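Note that the structure is predicted; figures quoted are calculated from it, not measured.
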Amino acid sequence: MRQDFQAILDTIYQQVATVEDKGTVASYIPELASIDKNKFGIHLRTLDGNSYGVGDFETRFSIQSISKVLALSQAASLVGNDILKRVDVEPSGNPFNHLALLEIENGIPRNPLINSGAIVIADILISNLKNPKQDFSNYVRDLVGDDSIDFNLDVAHSEKITGFKNYAAANLLKSFNNLENSVDDVLDFYFHQCSIEMSCRQLTKAFYLFANKGASLLQKAQLTESIIKRINAIMLTCGFYDEAGEFAFEVGLPGKSGVGGGIVALLPDKFVITTWSPGLNKKGNSQLGMMALEQFTSATKLSIF
Ligand code: DON
């Protein structure tokens, strides 16, 4: 039976938008603190070529940690399994910026989606790209087919002057010889990468290749099925930090969150869905986004399980 996805999204939107406890907007990056907590959008693209949106799905927001998946995919396309010499693929069970495990485990981050792991991926990209920031933003632009996608320089600067924990992580990595480039160069790249702004509609397009066996929407980028399988597995087990179990339990899809309030999730061969609501729960994941995605997979019975 064909499902009326627009009606399902409309119903979810109406129910979730009225929830009073919308969580707390991230303020540790000062530039993000002023975002309106009432913004809320959902966008869905099915692999049969249809797309559906509700609410603020065209408004651009800071994608933050969602960028880590895109950086990982670009690094995997450049150096393949060599990534695994420098980053593990185990869930951390800890917050995204946790440091203790990194020291105990001799500078090998638990996975590429926690901050320390993403900083190693940034280092790999800097070592392998000619013009790292430009080449990364072009990679993302090609995935979406939109040259207007860009860094927000104010957000990148705001994080640079307050990112003490990321400096701590990068220095620890350097002390264990797990950074080739300078701490400043790597973090400059990482803060820019996280500051990219996209709408729900654009993020859904960017993540299309993870649902489409590696072929991007406009066929401008191609990853192998083996890389896609692995990255989807990492999203499922590590995409929500110490809430990855809860997301798999409630939603049942590989996905990735960011402290800008975005979440992208996907069902291979079927669809990509993005939600945006800036208020975060205590684990740093969008409060209403988690709720909306749980309702979506329950209503449609479309999850990997
Ligand atoms: O490094 C940071 O702390 C931010 N640029 C990204 C953190 C983030 O989005 C965590 N996600 N839920």
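Within the 4.5 Å cutoff, side-chain heavy atoms of R86 are placed close to those of E180. Under the 4.5 Å side-chain criterion, counting only non-hydrogen atoms from C-beta, F210 is not in contact with V272. With contacts defined as side-chain heavy-atom distances shorter than 4.5 Å, the pair F191/V155 does not qualify. Looking at heavy atoms from C-beta onward, L236 lies in side-chain contact with I304 at the 4.5 angstrom threshold. By the 4.5 Å heavy-atom criterion applied to side chains, F61 and C200 are counted as neighbours. Side-chain contact between S92 and H98 is absent, with no heavy atoms from C-beta onward closer than 4.5 Å. Using a 4.5 Å heavy-atom threshold, the side chains of L143 and Y208 count as separate. Looking only at side-chain heavy atoms (C-beta outward), D88 and E105 stay at 4.5 Å or farther from each other.
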Considering only distance and modelled atom types, tabulate donor-acceptor pairs under 3.5 Å from the side chains of residues 238-248, sequence neighbours left out.
residue, atom, partner, partner atom, Å
Y241, OH, S65, OG, 3.1
Y241, OH, K68, NZ, 3.3
Y241, OH, K256, NZ, 2.8
E243, OE1, N281, ND2, 2.9
E243, OE1, N285, ND2, 2.8
E243, OE2, N281, ND2, 3.3

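Counting non-hydrogen atoms of other residues, nucleotides and ligands closer than 6.0 Å to CZ of R141 gives a total above 12. In the displayed structure, E103 atom CD is contacted under 6.0 Å by at most 12 heavy atoms of other residues, nucleotides or ligands.
Q202 contributes no side-chain N or O that, together with a main-chain N or O of I149, makes up a donor-acceptor pair within less than 3.5 Å. Put simply, the side chain of R110 gets close to the backbone of P91: a donor and an acceptor are under 3.5 Å apart. No donor-acceptor distance shorter than 3.5 angstrom exists from the side chain of S277 to the backbone of S286, with no hydrogens or angles considered. N111 places a side-chain N or O within donor-acceptor distance of the main-chain N or O of E90, the cut-off being under 3.5 Å.
To the nearest 0.5 Å, atoms CZ (F249) and CZ (F305) are separated by 11.0 Å. Taking CD1 of I35 as the reference point, atom OG of S27 lies at 12.0 Å (rounded to 0.5 Å). Residue L288 holds its CG atom at 11.0 Å from CG of L293, rounded to the nearest 0.5 Å. Note that the CG atom of L267 and the CG atom of L253 stand 6.0 Å from one another [nearest 0.5 Å]. Between I273 atom CD1 and F296 atom CZ the span is 4.5 Å, to the nearest 0.5 Å. With rounding to the nearest 0.5 Å, the separation of NZ in K133 from NE2 in H192 is 4.0 Å.
Connection of I161 to F189 is not established within any shared hydrophobic cluster, with ILVMFWY side chains joined at heavy-atom distances below 4.5 Å, either directly or through further cluster members. There is no path of hydrophobic side-chain contacts, each under 4.5 Å, that joins I114 to V120. L129 and Y190 end up in the same hydrophobic cluster when Ile, Leu, Val, Met, Phe, Trp and Tyr side chains are linked at under 4.5 Å. The hydrophobic clustering, which links ILVMFWY residues whose side-chain heavy atoms are closer than 4.5 Å, places V87 and L99 apart.
Across every non-hydrogen atom of I42 and A292, the tightest pair is CD1-CB, 4.2 Å. A pairwise comparison of heavy atoms in L217 and K205 identifies CD2-CG, 3.5 Å as the closest pair. Pairing each heavy atom of K174 with each of L179, the nearest pair is NZ-O, 3.3 Å. The minimum heavy-atom distance linking Q6 with G53 is given by the pair NE2-O, 3.0 Å. S51 and H43 get closest at one heavy-atom pair: OG-NE2, 3.4 Å. Shown here for T300 and I8, the closest heavy-atom pair between the two residues is CG2-CD1, 3.8 Å.
Ring centers of Y13 and F57: at least 6.0 Å apart, outside the cut-off.
Under the side chain to side chain donor-acceptor pair (under 3.5 Å) criterion, N50 pairs with D48, sequence neighbours left out. With sequence neighbours excluded, the residues that form a side chain to side chain contact (heavy atoms under 4.5 Å, CB included) with K213 are E225, D269.
Among D150, T59, I66, V144, the single residue meeting the side-chain contact (heavy atoms from CB on, under 4.5 Å) criterion with M198 is V144. Of the listed residues (S195, C194, S158), just one forms a side-chain contact (heavy atoms from CB on, under 4.5 Å) with I29, and that residue is S158. When each of D123, I119, V183 is checked for a side-chain contact (heavy atoms from CB on, under 4.5 Å) with L173, only I119 meets the rule.
Looking only at atom types and distance, the side chain of D10 has no donor-acceptor partner in the side chain of Q14 under 3.5 Å away.
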